[in-house]
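What you see below is based on every heavy atom in this structure, not just the backbone, and it leaves out hydrogens, waters and symmetry mates.
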Amino acid sequence: MAEITLQSLAHTYLSDPQSPQDYAIREMDHVWHQGGAYALLGPSGCGKSTLLNIISGLLEPSSGEVLFDGEVVNALPPEARNIAQVFQFPVIYDTMTVYDNLAFPLRNVKTPEARVHERVMEVADVLELTAQLKRKAKNLTADEKQKVSMGRGLVRDDVSAILFDEPLTVIDPQLKWKLRRKLKEIHQRFEITMVYVTHDQLEASTFADKIAVMYEGQVVQFGTPRELFEAPNHTFVGYFIGSPGMNFFDVALHDGRVMAGNTALSVGEGVRRAIDGARSHNVKLGIRPEFIEVHESPVAGGMEAEVEHAQDLGTYSILYLRLGDTPLKARIEEDQPTPEGRAYLRFPDARLGLYVDEYRVEIDHD
Ligand SMILES: Nc1ncnc2c1ncn2[C@@H]1O[C@H](COP(=O)(O)OP(=O)(O)OP(=O)(O)O)[C@@H](O)[C@H]1O
């Protein structure tokens with residue numbers, strides 16, 4: 001088991017990279033602590049698989065170092081790194097039985113048969129594969145095959161870490177949920193460092209204690225699901241986490257007033273000061289749809305907005321609004337009245353985020 005440190009790590013698939021865009025991994029430092037349950041979350045093409053393959057040794061980074069417990073492992077081949085990796089599609093031996101498939105990684109490192117049996121039975125039990133142990137892998141369903149593939153990743157308890165690369169893609173949605181819970185259970189039982197790659201925020205937050213959000217080859221935030229929701233560090237995290245994502249809009253000061261387009265915003269003095277202190281013209285305010293206060297009639301400090309339409313999602317609605325030229329979404333709970341035509345909005349100061357060049361900056365509300 002190991003702590004995995006990535007130091008000044010960068011990777012490009014091009015032989016002559018010219019700009020940061022040419023890098024699948026832009027220079028980064030990151031630590032996965034021993035025993036953590038982590039998710040690596042990001043959209044397609046942001047560099048998740050590249051990063052996993054660098055950790056497991058399938059890919060050599062263009063620059064920087066990978067350390068396991070402080071030791072540089074760049075020169076070590078995958079088999080010497082002691083990493084288990086579970087891929088999107090099952091990697092199993094079709095002609096072997098389920099039992100032999102699960103036993104394979106253990107027999108490969110000359111584990112005594114009694115111990116092999118113990119571990120295979122334990123993992124088969126957790127993954128509910130006990131009844132299938134004697135069957136040939138080729139006769140299994142796609143779901144069962146992927147469970148065997150996961151079992152092969154989980155069966156050794158001496159590995160430095162287990163890396164999962166979108167392991168539930170081929171799994172039926174109902175079983176997906178169950179397997180995620182199982183993985184969490186296995187993590188708690190065996191305390192192995194696990195890194196779980198996904199582009200699905202729900203999958204990430206049900207599995208992981210901490211999520212690394214990747215965007216354009218960089219980890220833009222590493223935090224708990226709650227931290228990512230409440231204080232996204234980068235506008236991308238705001239958009240990507242939450243449903244719908246966070247509202248962002250350009251702001252500027254005119255005659256001392258905070259303006260979004262032609263509309264003066266009613267915000268606190270701390271927000272105004274923070275905008276005044278920004279050292280860029282790329283300044284945005286962000287607020288989650290859940291945190292916009294929506295009123296049917298005028299209220300003190302309320303900003304008048306046009307209601308474009310409401311989308312009823314059962315237990316809540318999403319209200320599509322326009323504040324001057326700025327489109328906004330607000331979430332209305334089912335017990336709350338849904339305004340029609342006009343609405344009056346308040347942005348609680350504590351719920352506003354200020355983003356300069358896409359990164360969050362602190363607002364001093366005192
Ligand atoms: N073997 C390769 N050769 C050249 N470019 C590659 C190669 N593999 C990946 N890339 C590029 O590197 C970038 C990162 O890809 P990567 O597969 O790591 O992203 P990802 O986040 O895992 O995406 P996905 O979720 O679609 O698998 C992309 O621009 C991709 O096109």
Side-chain angles (χ1 to χ4, degrees), residues 1-2 37-40 48-49 52-53 55-59 76-198 203 207:
M1 297 188 209
Y38 299 114
L40 186 57
K48 304 180 298 292
S49 302
L52 271 207
N53 292 339
I55 296 172
S56 64
L58 292 173
L59 196 64
L76 290 187
E79 55 283 8
R81 291 195 188 189
N82 224 7
I83 292 261
Q85 196 162 358
V86 181
F87 298 93
Q88 208 166 349
F89 298 101
V91 180
I92 54 171
Y93 296 106
D94 266 350
T95 52
M96 286 187 190
T97 61
V98 170
Y99 187 102
D100 287 340
N101 262 290
L102 294 177
F104 189 87
L106 294 168
R107 290 178 176 154
N108 213 19
V109 292
K110 313 250 178 305
T111 310
E113 260 324 291
R115 180 69 184 142
V116 170
H117 185 70
E118 203 178 8
R119 285 294 296 177
V120 167
M121 297 313 284
E122 195 173 358
V123 167
D125 177 46
V126 174
L127 290 173
E128 295 174 18
L129 283 170
T130 312
Q132 272 82 32
L133 282 174
K134 291 200 178 110
R135 291 177 63 194
K136 282 266 174 12
K138 65 169 181 258
N139 299 327
L140 301 177
T141 63
D143 285 353
E144 287 167 338
K145 283 186 183 178
Q146 186 63 347
K147 281 207 283 180
V148 176
S149 200
M150 285 170 71
R152 285 165 53 103
L154 298 168
V155 78
R156 281 178 57 192
D157 58 1
D158 61 337
V159 290
S160 305
I162 308 180
L163 311 179
F164 298 94
D165 197 350
E166 309 236 13
L168 304 181
T169 310
V170 292
I171 304 273
D172 165 89
Q174 275 203 327
L175 189 63
K176 239 183 201 174
W177 187 83
K178 205 165 148 188
L179 280 182
R180 270 201 313 263
R181 300 298 317 158
K182 288 262 175 229
L183 279 182
K184 186 121 193 132
E185 204 181 299
I186 290 165
H187 175 259
Q188 279 155 0
R189 208 147 117 192
F190 303 136
E191 289 182 358
I192 296 177
T193 312
M194 291 186 178
V195 182
Y196 185 105
V197 162
T198 176
E203 209 161 296
F207 171 74

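At least one donor-acceptor pair under 3.5 Å links the side chain of N82 to the backbone N or O of D158. With hydrogens and angles disregarded, a donor-acceptor distance shorter than 3.5 Å links the side chain of S149 to the backbone of V91. Judged by distance alone, with hydrogens and angles left aside, the side-chain atoms of S56 form no donor-acceptor pair with the main-chain N or O of P78 at under 3.5 Å. No side-chain donor-acceptor contact under 3.5 Å links Q146 to the backbone of L168. Within the 3.5 Å criterion, the main-chain N or O of F104 finds no donor-acceptor partner in the side chain of R152. Side-chain atoms of R135 do not come within 3.5 Å of backbone N or O of V98 as any donor-acceptor pair.
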task = For the pair N53 and Q85, evaluate side-chain hydrogen bond (donor to acceptor under 3.5 Å, both in side chains) and give the outcome as yes or no after the intermediate values.
result = CA-CA 9 Å; N53 292 339; Q85 196 162 358; 3.2 Å; yes
query = Stepwise, does the side-chain contact (heavy atoms from CB on, under 4.5 Å) test hold for L106 with E118?
reply = CA-CA 11 Å; L106 294 168; E118 203 178 8; over 6 Å; no
task = Check the pair K147, E144 against salt bridge (Lys or Arg N to Asp or Glu O under 4.0 Å), reporting the backbone distance first and the verdict last.
result = CA-CA 5 Å; K147 281 207 283 180; E144 287 167 338; over 6 Å; no
query = What do the steps show when you test L40 against Y38 for side-chain contact (heavy atoms from CB on, under 4.5 Å), and what is the final call?
reply = CA-CA 7 Å; L40 186 57; Y38 299 114; over 6 Å; no
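Counted within 6.0 Å of CD on E79, heavy atoms from surrounding residues, nucleotides or ligands total more than 12; the atom is thus considered enclosed. Annotation: K136, atom NZ; neighbour count of heavy atoms from other residues, nucleotides and ligands within 6.0 Å does not exceed 12.
In this structure, R156 and T111 have side chains that are not in contact, with every pair of non-hydrogen atoms separated by 4.5 Å or more. With a 4.5 Å cut-off on side-chain heavy atoms, L133 and L102 count as touching.
Of the residues Q174, M150, E128, K184, the one that meets the side chain to side chain contact (heavy atoms under 4.5 Å, CB included) test with L179 is M150.
Going from atom CG of L163 over to atom NZ of K48 covers 14.5 Å, rounded to the nearest 0.5 Å. Expressed to the nearest 0.5 Å, how far CE of M121 lies from CG of D125 amounts to 8.0 Å. Here N139 contributes atom CG and K145 contributes atom NZ; the two are 8.5 Å apart, rounded to the nearest 0.5 Å. Remark: D165 CG to Y196 OH distance equals 10.0 Å, nearest 0.5 Å. Annotation: the span from L140 atom CG to N101 atom CG amounts to 8.5 Å, rounded to 0.5 Å.
Between V86 and G153, the closest heavy-atom pair is CG2-CA, 4.0 Å. Contact detail for I83 and S160: the closest heavy-atom pair is CD1-CB, 4.4 Å. In terms of heavy atoms, V197 sits closest to P167 at O-CD, 4.2 Å. The nearest pair of heavy atoms linking D143 to I171 is OD1-CA, 3.4 Å. Minimum heavy-atom separation, V148 to I92: CG1-CG2, 3.7 Å. When all heavy atoms of A161 and I192 are compared, the closest pair comes out as CA-CG2, 4.1 Å.
Every salt bridge (charged side-chain N to carboxylate O under 4.0 Å, His left out) that E203 has, sequence neighbours left out, goes to R180. Remark: Y99 engages H117 in a ring-ring contact (aromatic ring centres under 6.0 Å, His included) (not counting sequence neighbours).
Using a 4.0 Å cut-off between charged nitrogen and carboxylate oxygen, D157 and R115 count as a salt-bridge pair.
Between H187 and F207, the ring planes lie perpendicular to each other; the angle is over 60°, past the 30° to 60° tilted range.
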